[in-house]
Amino acid sequence: MDFTGFINLLNGYVWSTPLVCLLLGGGLYFSIRTRFVQLRMMHEMVRLIFQPKDDDLGISSFQALSMTLAGRVGTGNIAGVATAIMFGGPGALFWMWVVAILGAASAFVESTLGQVYKEEIYHQFRGGPAFYIEKGLKNKFFAWVFALFTIFSCGLFLPSIQSNSIAASAQMAFGIEPLITAVVITSLLSFIIYGGLKRMATFVSWVVPFMAQAYVVVAIIIIFVHWERFDDVLALVFSSAFDMEAAGGAMIGLAIQWGVKRGLYSNEAGQGSGPHASSAAAVSHPAKQGLVQAFSVYIDTLLVCSATGFMILMTGCYNVVSPEGGFLYQALPNVEAGPAFTQFAADSLLPGFGAPFVSVALFFFAFTTILAYVYITETNVVYINRHFKKPWLIPVLRILVMIPTAYGAVKSADLVWTMGDIGMGIMAWMNMFAILALQGVAFKCLKDYETQRKAGIKNPVFHPEKLGIDNADFWTSNRTAMIEADVKRESEVIFENQRPRNL
């Protein structure tokens, strides 16, 4: 068996039916336990996004949201949706929606845990699954295994997928050779990542919202032009999601598998990547970031992925592969599943503009995702480096991440996507088991937050000792006192500004 065959075999084991059941079942369980917090607290999620940070260290909730969206909104929203449709049929889009709605509850749990067990290291907030596995589950070996797998996955495999899609779309739209694209990407990457977390956060907080809005606007224009097909396309999505006849019933299983796989790759709910960025936010209560990060899943999948899916389906610019060989539906020449589907769809309405626009949008989406992967990898290196104290590890890491980024731009897409799937799948296995074991901590935080809000406290403050949560070292009495003082001063300023003045 050659290397490619081994990788495909391993991917089949990692992305087997049990993982699909774990992700969907876990999201459903968290939804029920939290009384569907992702739906009933939607207004609170929006309110929290624009709150100022509660500490001089760290970043704001909006910056943390943008950092997380940088990881969520990327190749998966353009190339990933196309791949899901090609191999799972139009019904895969429905299962992406299911993953988003249920996964938002998983995102709440994991991001809340990331905040509870975060640490202040070198004047930056760091947290993530490795931290809450060690401190919450008290299992350092498991935490190290997760950290190492994440370093390999986010540092070596996943950046390659992003750069590969950038190169493919740039070549199709502008005729730019992949080698030139590789040089441009790595040059920009080195400039930004050596500026540290705050430079990355500032960059993505400007780029991600702007490009996401521009992309959705173009998608809405295309959908509006083809509005007479909307009902038929929506019916196609739902019927294909439960089609027991196509290809002998095999397509319903593929629709679920590819919808879940690409849904997870896009929104990352339950995978364990989201808590890294959310832990960097300076907030007074962990549940705040849990709610904000749950909302980010909706932005990613229900908004951006749906825009891509409807663009492709309403223009008919897609192919569907039959599990028995050949095509169940073919409207495009033999092209690799990826950004080409979306580019053909955009170009069908906007000739000469559609493909270049998608290429530019994909560049910014994918590039900011690479930045998010760099931060996730760096956080896990910092976690391990707490024990070794080697100052050269981070600079070496930043250099090493550029190698697979450049390599992915000039390598075939199939192998790159498969290796990325394996890394993401292994992270999801480990993280889901961890957050299921630590779910009680997240539920305590949610109940405490809701209790304080019902009592009229606008800015709840977290006291882990009152909730019986141990090893939440960051949230010491001194730190909590400082946060309470900041919140009190903020409230006094707001009250003073709102006091009626005598004229």
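No experiment lies behind these values; they were computed from the predicted model shown. The analysis underlying the following values was restricted to heavy atoms, covering all of them including side chains, and did not include hydrogens, waters or symmetry mates.
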With heavy-atom distances below 4.5 Å as the criterion, would you say the side chains of [X] and [Y] are in contact?
X: Leu446; Y: Phe108; answer: yes
X: Met432; Y: Leu23; answer: yes
X: Met45; Y: Val292; answer: no
X: Phe367; Y: Leu189; answer: yes
X: Ile151; Y: Ile384; answer: yes
X: Ile185; Y: Ile370; answer: yes
X: Ile435; Y: Phe30; answer: yes
X: Lys138; Y: Asn471; answer: yes

Measure from the side-chain N and O atoms of [X] to the backbone N and O of [Y], and report whether any donor-acceptor pair falls under 3.5 Å.
X: Lys118; Y: Leu113; result: no
X: Thr181; Y: Ala167; result: no
X: Asn164; Y: Gly408; result: yes
X: Gln343; Y: Val358; result: no
X: Trp429; Y: Val14; result: yes
X: Ser239; Y: Leu236; result: yes
X: Ser111; Y: Gln293; result: no
X: Ser279; Y: Gly114; result: yes

Chi angles and distances behind the side chain to side chain contact (heavy atoms under 4.5 Å, CB included) call for Leu313, Leu93: CA-CA 10 Å; Leu313 295 175; Leu93 185 61; 4.3 Å; yes
Aromatic Tyr117 / basic Lys135 pairing, under 6.0 angstrom, 45° off normal: no
Less than 3.5 Å apart, any donor N or O on the side chain of [X] or [Y] sitting next to an acceptor on the other?
X: Thr301; Y: Trp97; value: no
X: Glu134; Y: Asn139; value: no
X: Gln38; Y: Ser31; value: yes
X: Gln439; Y: Tyr29; value: yes

Start with the C-alpha gap between Tyr132 and Asn431, add the side-chain angles, then the distance that decides, and say whether side chain to side chain donor-acceptor pair (under 3.5 Å) holds. CA-CA 10 Å; Tyr132 56 69; Asn431 184 64; 2.5 Å; yes
Atom CZ of Phe443 with >12 non-hydrogen neighbours under 6.0 angstrom: yes
For [X] against [Y], the heavy-atom pair lying closest together:
X: Gly27; Y: Ser106; result: CA-OG, 3.5 Å
X: Cys154; Y: Thr377; result: C-OG1, 3.3 Å
X: Ser153; Y: Gly423; result: OG-C, 3.3 Å
X: Val320; Y: Gly89; result: CG1-CA, 3.9 Å
X: Ala287; Y: Cys445; result: CB-O, 4.0 Å
X: Val374; Y: Val401; result: CG2-CG1, 3.7 Å

To the nearest 0.5 Å, what is the distance between [atom1] on [X] and [atom2] on [Y]?
X: Ile85; Y: Ile312; atom1: CD1; atom2: CD1; result: 4.5 Å
X: Met41; Y: Phe295; atom1: CE; atom2: CZ; result: 13.5 Å
X: Met86; Y: Leu332; atom1: CE; atom2: CG; result: 9.0 Å
X: Leu436; Y: Glu110; atom1: CG; atom2: CD; result: 11.0 Å
X: Asn319; Y: Gln330; atom1: CG; atom2: CD; result: 5.0 Å
X: Asn11; Y: Ile422; atom1: CG; atom2: CD1; result: 5.0 Å

Tell me, with the steps shown, if Val99 and Trp95 meet side chain to side chain contact (heavy atoms under 4.5 Å, CB included). CA-CA 6 Å; Val99 168; Trp95 292 106; 5.5 Å; no
Before giving the answer on side chain to side chain contact (heavy atoms under 4.5 Å, CB included), spell out for Gln289 and Thr112 the whole-Å C-alpha distance, their side-chain angles and the decisive distance to 0.1 Å. CA-CA 6 Å; Gln289 266 306 293; Thr112 299; over 6 Å; no
Run the salt-bridge test on Glu120 and Arg126 with the 4.0 Å N-O cut-off and return the result as yes or no. no
Is the centre of the [X] ring less than 6.0 Å from the centre of the [Y] ring?
X: Trp144; Y: Phe149; value: no
X: Phe94; Y: Phe238; value: yes
X: Tyr318; Y: Phe344; value: no

Students often mix this up, so state it plainly: with edges at 30° and 60°, are the rings of His276 and Phe146 parallel, tilted or perpendicular? parallel
Using 30° and 60° as the class limits, which term best fits the ring planes of Phe131 and Tyr383: parallel, tilted or perpendicular? perpendicular
Met311 and Phe341: CA distance, side-chain angles, deciding distance, side chain to side chain contact (heavy atoms under 4.5 Å, CB included) verdict: CA-CA 9 Å; Met311 260 201 297; Phe341 282 21; over 6 Å; no
